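Shown next, in structure tokens, is the structure this report addresses.
If you're wondering where the values come from, they're calculated on a predicted model, not measured in any experiment. All values below were derived from every heavy atom in this structure, side-chain atoms included, with hydrogens, water molecules and symmetry-related copies excluded.
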Amino acid sequence: MDFVKDADPGPLFHHGTDAAQFKNKATQISNRLAEWLRDKDLVPDGVRPTHAWRHRFKSQCIELDIPARIYDAIQGHSGKTASENYGDVSLKAKINAISKLPEYDLN
């Protein structure tokens with residue numbers, strides 16, 4: 001959290017200044033992170049780490065009975081039916097869901 005608090009405004013993990021290039025810059029960082037994880041033998045061959053984390057997030061949400069509408073909204077996935085696109089999933093709903101997830105000790 002100190003990293004986020006101390007960060008300058010803008011993207012956290014790259015120093016791009018052109019918003020049109022942010023997706024490309026983020027992809028580059030993601031690829032470098034995946035390469036580093038593979039070099040350290042932290043992920044099996046053929047596994048895309050950032051994609052796997054999205055699956056892990058969704059699996060944990062299911063185990064915690066977090067509604068699909070909320071975890072899909074957190075991940076930016078659209079509704080499957082017209083009625084699922086009615087109304088908004090509020091920031092409060094997203095925060096409540098995220099607060100149920102277990103913490104990882106990174107020390």
Side-chain angles (χ1 to χ4, degrees):
M1 290 307 300
D2 291 336
F3 172 76
V4 174
K5 289 177 192 171
D6 295 340
D8 292 331
L12 291 174
F13 302 105
H14 64 77
H15 300 292
T17 55
D18 179 5
Q21 293 295 316
F22 283 179
K23 183 176 179 182
N24 185 39
K25 294 283 189 185
T27 299
Q28 290 172 2
I29 295 296
S30 175
N31 290 340
R32 286 178 43 204
L33 175 61
E35 182 180 330
W36 177 80
L37 290 167
R38 284 189 202 93
D39 288 347
K40 299 290 184 188
D41 292 325
L42 295 173
V43 294
D45 288 339
V47 171
R48 296 181 342 210
T50 53
H51 190 74
W53 291 330
R54 292 174 70 85
H55 280 264
R56 174 74 177 146
F57 170 78
K58 214 162 247 201
S59 295
Q60 286 190 312
C61 288
I62 292 166
E63 290 174 4
L64 294 167
D65 295 322
I66 295 169
R69 175 120 190 256
I70 295 174
Y71 62 72
D72 280 346
I74 291 169
Q75 289 189 309
H77 295 161
S78 61
K80 295 163 193 66
T81 67
S83 66
E84 287 179 359
N85 291 316
Y86 283 22
D88 294 318
V89 177
S90 68
L91 182 57
K92 182 179 186 314
K94 293 175 186 178
I95 290 169
N96 289 342
I98 290 169
S99 70
K100 294 179 183 179
L101 296 169
E103 291 186 23
Y104 288 90
D105 183 3
L106 302 176
N107 294 318

With Y86, which residues qualify under ring pair (Phe, Tyr, Trp, His ring centres under 6.0 Å), at least two apart?
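Not a single residue meets the ring pair (Phe, Tyr, Trp, His ring centres under 6.0 Å) criterion with Y86.
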
Tell me whether K25 is salt-bridged to D18, with the criterion being a basic N under 4.0 Å from an acidic carboxylate O.
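Answer for the salt bridge query: no.
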
Begin with the C-alpha distance, continue with both residues' side-chain angles, and end with the deciding distance and a verdict on side-chain contact (heavy atoms from CB on, under 4.5 Å) for Q28 and N31.
CA-CA 5 Å; Q28 290 172 2; N31 290 340; 5.7 Å; no

What is the distance from atom [atom1] of [X] to atom [atom2] of [Y], rounded to the nearest 0.5 Å?
X   : Y   : atom1 : atom2 : value
I98 : L64 : CD1   : CG    : 12.5 Å
I62 : F57 : CD1   : CZ    : 10.5 Å
W53 : S30 : CH2   : OG    : 8.0 Å
H55 : T50 : NE2   : OG1   : 10.5 Å
C61 : Q75 : SG    : CD    : 7.0 Å

Polar side chain donor-acceptor pair, H77 to R54, under 3.5 angstrom
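On atom types as modelled, these side chains qualify, holding a pair under 3.5 Å.
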
Heavy-atom pair with the smallest gap, counting every atom of [X] and [Y]:
X   : Y   : result
K80 : E84 : N-OE1, 2.6 Å
N96 : S99 : O-OG, 2.8 Å
G87 : R69 : O-NH2, 3.0 Å
A52 : V47 : CB-CG1, 4.0 Å

Got more than 12 heavy atoms from elsewhere within 6.0 Å of [atom1], [X]?
X   : atom1 : answer
R38 : CZ    : yes
D88 : CG    : no
K58 : NZ    : yes

Knowing that exactly one of V43, L42, L37 qualifies, which makes a side-chain contact (heavy atoms from CB on, under 4.5 Å) with K40?
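Single pass found, and it is L42.
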
Would I66 and Q60 count as a side-chain contact (heavy atoms from CB on, under 4.5 Å) here? Give the steps.
CA-CA 9 Å; I66 295 169; Q60 286 190 312; over 6 Å; no

Say whether I29 and W36 are linked into one hydrophobic cluster, either directly or through other cluster members, by side-chain heavy-atom distances under 4.5 angstrom.
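No.
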
Determine, stepwise, if the pair S90 / I95 fulfils side-chain contact (heavy atoms from CB on, under 4.5 Å).
CA-CA 9 Å; S90 68; I95 290 169; over 6 Å; no

Could you identify which residues cluster with F22, counting Ile, Leu, Val, Met, Phe, Trp and Tyr as linked when any side-chain heavy atoms lie under 4.5 Å apart, either directly or through a chain of such contacts?
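None; F22 is a cluster of one.
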
Classify the angle between the aromatic ring planes of F13 and F3 as parallel (below 30°), tilted (30 to 60°) or perpendicular (above 60°).
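Parallel, since the angle between the ring planes stays under 30°.
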
